[in-house]
Number of protein chains: 2
Amino acid sequence: MVWKTISKKLDENEYRLTPQREVILQVMIDNRGKHLSADEVYIEARGKSSNIGIATVYRTLEKLASIDVLYKTIFEGGKYRYELSLGESHQHHHIICLQCGHISEVEEDLLHNLEIHLEKQGYKILDHELKFYGYCPQCNPKN
Amino acid sequence: MVWKTISKKLDENEYRLTPQREVILQVMIDNRGKHLSADEVYIEARGKSSNIGIATVYRTLEKLASIDVLYKTIFEGGKYRYELSLGESHQHHHIICLQCGHISEVEEDLLHNLEIHLEKQGYKILDHELKFYGYCPQCNPKN
DNA sequence: ATGTAATTGATAATGATTATCAAAATCAGG
DNA sequence: CCTGATTTTGATAATCATTATCAATTACAT
Ligand SMILES: [Mn+2]
Ligand SMILES: [Mn+2]
Ligand SMILES: [Zn+2]
Ligand SMILES: [Zn+2]
């Protein structure tokens with residue numbers, strides 16, 4: 001199912017599924033829910049295929065993000081991270097634990113009001129990105 | 001008024017107001033509402049004082065952000081930007097125009113609901129950061 | 001004044017990402 | 001199946017922002 005959806009996206013964008021790209025995609029699929037940096041993907045991809053260059057990893061991640069197969073975002077620390085993004089066009093938020101660094105997700109989209117408000121002011125909102133910082137349930141001193 | 005508030009913050013944190021730091025702060029005050037990168041601050045600071053090192057600019061911005069005189073945030077493109085942040089402890093959002101790159105601000109804080117929701121799940125939310133991407137009123141094709 | 005600690009600035013080092021370019025793989029037509 | 005054109009790859013160099021280093025300057029406390 002996942003692969004079928006991805007293949008379709010690749011076809012639509014005339015993007016060939018080379019062995020290297022397949023390995024990289026498999027890494028992303030194996031890590032659904034996680035947020036991987038380019039070098040983390042590189043390490044895992046080497047484990048599977050052993051002769052894959054870091055440049056190819058960067059190129060592939062970039063390309064896959066541009067056709068919305070991956071979602072690319074930058075976190076504090078200034079490095080980009082990627083995750084599989086199938087279909088979810090728009091709302092996707094993060095809670096970053098200031099203690100353990102764990103990144104969890106918020107699916108709720110309660111930002112609609114705010115967007116409406118801004119559009120009334122003349123803006124056209126296409127996307128948004130929201131990050132919460134605090135403590136996860138494990139690290140919350142209150143728990 | 002602004003300077004008084006800042007001086008107090010510096011005192012509280014035993015942070016000396018050297019000539020260089022004063023120049024950097026003046027640059028930030030002169031640019032209220034804008035979001036400056038370290039090298040932009042550096043350029044402007046040189047204009048005022050001429051013998052100030054880039055290292056000092058980085059150090060000073062970092063320190064001032066850590067004591068909440070400045071607000072530091074990273075935008076797409078992976079570089080940090082700073083702006084004066086007096087008192088506003090928590091909510092401060094951005095609208096980034098995908099056409100002209102202009103960054104404007106949203107003061108509204110309609111995220112309270114979402115925070116409450118997360119705290120019920122065990123999280124402790126300390127801060128959040130929200131970025132909207134779209135077109136500003138000038139660039140909105142509809143206007 | 002004087003010794004100690006903090007600050008500065010030039011510059012080297014780092015880390016992530018991007019650019020370059022020749023070699024390898026893939027493709028389309030014959 | 002060949003074959004020349006195009007795409008992709010991987011090693012490596014280049015870039016860019018930020019951080020670390022360290023000797024020299026400055027400020028502070030006695
Ligand atoms: Mn996510
Ligand atoms: Mn702002
Ligand atoms: Zn945690
Ligand atoms: Zn605009």
Side-chain angles (χ1 to χ4, degrees), chain A residues 6-7 10-28 35-67 69-83 101, chain B residues 6-7 10-28 35-67 69-83 101:
Chain A
I6 294 176
S7 304
L10 299 183
D11 281 351
E12 286 168 9
N13 292 276
E14 301 172 352
Y15 190 57
R16 297 183 194 155
L17 190 55
T18 65
Q20 290 90 336
R21 290 170 184 173
E22 193 167 344
V23 167
I24 291 169
L25 270 166
Q26 192 58 59
V27 169
M28 297 313 294
H35 304 79
L36 304 182
S37 62
D39 58 294
E40 285 166 352
V41 174
Y42 177 61
I43 304 281
E44 280 215 37
R46 298 286 298 206
K48 288 185 202 293
S49 155
S50 84
N51 58 330
I52 201 172
I54 183 73
T56 300
V57 171
Y58 272 103
R59 273 188 298 242
T60 303
L61 292 175
E62 193 56 36
K63 183 70 184 183
L64 292 174
S66 83
I67 62 174
V69 169
L70 301 181
Y71 178 66
K72 174 188 185 183
T73 187
I74 193 167
F75 288 98
E76 210 63 22
K79 66 197 288 195
Y80 291 99
R81 294 186 167 272
Y82 301 81
E83 66 188 301
Chain B
I6 294 177
S7 304
L10 298 183
D11 281 351
E12 285 168 9
N13 291 278
E14 300 173 353
Y15 190 58
R16 297 184 193 155
L17 190 54
T18 66
Q20 291 89 336
R21 289 170 184 173
E22 193 167 345
V23 167
I24 292 169
L25 270 166
Q26 192 58 58
V27 169
M28 298 312 294
H35 305 80
L36 304 182
S37 63
D39 59 293
E40 286 166 352
V41 174
Y42 177 61
I43 304 281
E44 279 215 37
R46 299 285 300 204
K48 289 184 201 293
S49 156
S50 84
N51 58 330
I52 200 171
I54 183 72
T56 300
V57 171
Y58 272 102
R59 274 189 297 244
T60 303
L61 292 175
E62 193 55 37
K63 183 70 184 181
L64 292 175
S66 84
I67 62 175
V69 169
L70 300 181
Y71 179 66
K72 174 188 185 183
T73 185
I74 193 167
F75 289 99
E76 211 61 24
K79 65 198 289 195
Y80 290 100
R81 294 186 167 272
Y82 301 81
E83 65 188 301

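Just so we're on the same page: letters track the sequence lines, and every chain starts at 1. Because only heavy atoms are used, hydrogens play no part in the values below, and waters and symmetry mates are left out as well, while side chains stay in.
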For the helix from C:dA1-D:dT30 to C:dG30-D:dC1, what angle lies between the axis at the first five pairs and the axis at the last five pairs, to 10 degrees? 30°
Checking B:Lys79 now: which residues fulfil salt bridge (Lys or Arg N to Asp or Glu O under 4.0 Å) with it, not counting sequence neighbours? B:Asp39
Euclidean distance, atom CD1 of residue B:Ile24 to atom C1' of C:dG9 [Å, nearest integer]: 12 Å
Applying side-chain hydrogen bond (donor to acceptor under 3.5 Å, both in side chains) to B:Arg16 and not counting sequence neighbours gives none
CE-CG distance between B:Met28 and B:Leu61, expressed to the nearest 0.5 angstrom: 6.5 Å
Can you give one letter per nucleotide of nucleotides 7-26 of chain D, 5' to 3': B if a protein heavy atom sits under 4.0 Å from the base, S if only from the sugar-phosphate, - if neither? SSBBB-----SBBBB-----
Contacts of A:Ile74 that satisfy side chain to side chain contact (heavy atoms under 4.5 Å, CB included) - sequence neighbours left out: A:Tyr80, B:Ile74, B:Glu76
Just the rounded figure in Å: distance from P of C:dG15 to CD1 of A:Ile74. 17 Å
Flag if over 12 foreign heavy atoms under 6.0 Å of NZ, A:Lys63: no
Which distance, rounded to the nearest 0.5 Å, do you find between the CG of A:Leu64 and the CD1 of A:Ile6? 8.0 Å
Whole angstrom value for the distance that separates C1' of C:dT17 from NZ of A:Lys63: 18 Å
Return the value, rounded to whole Å, for the distance between atom CG of B:Leu61 and atom P of C:dG9. 13 Å
Results of side-chain hydrogen bond (donor to acceptor under 3.5 Å, both in side chains) for B:Asn13 - residues two or more places apart only: none
Any donor-acceptor pair under 3.5 Å linking the side chain of A:Thr60 with the backbone of A:Thr56? yes
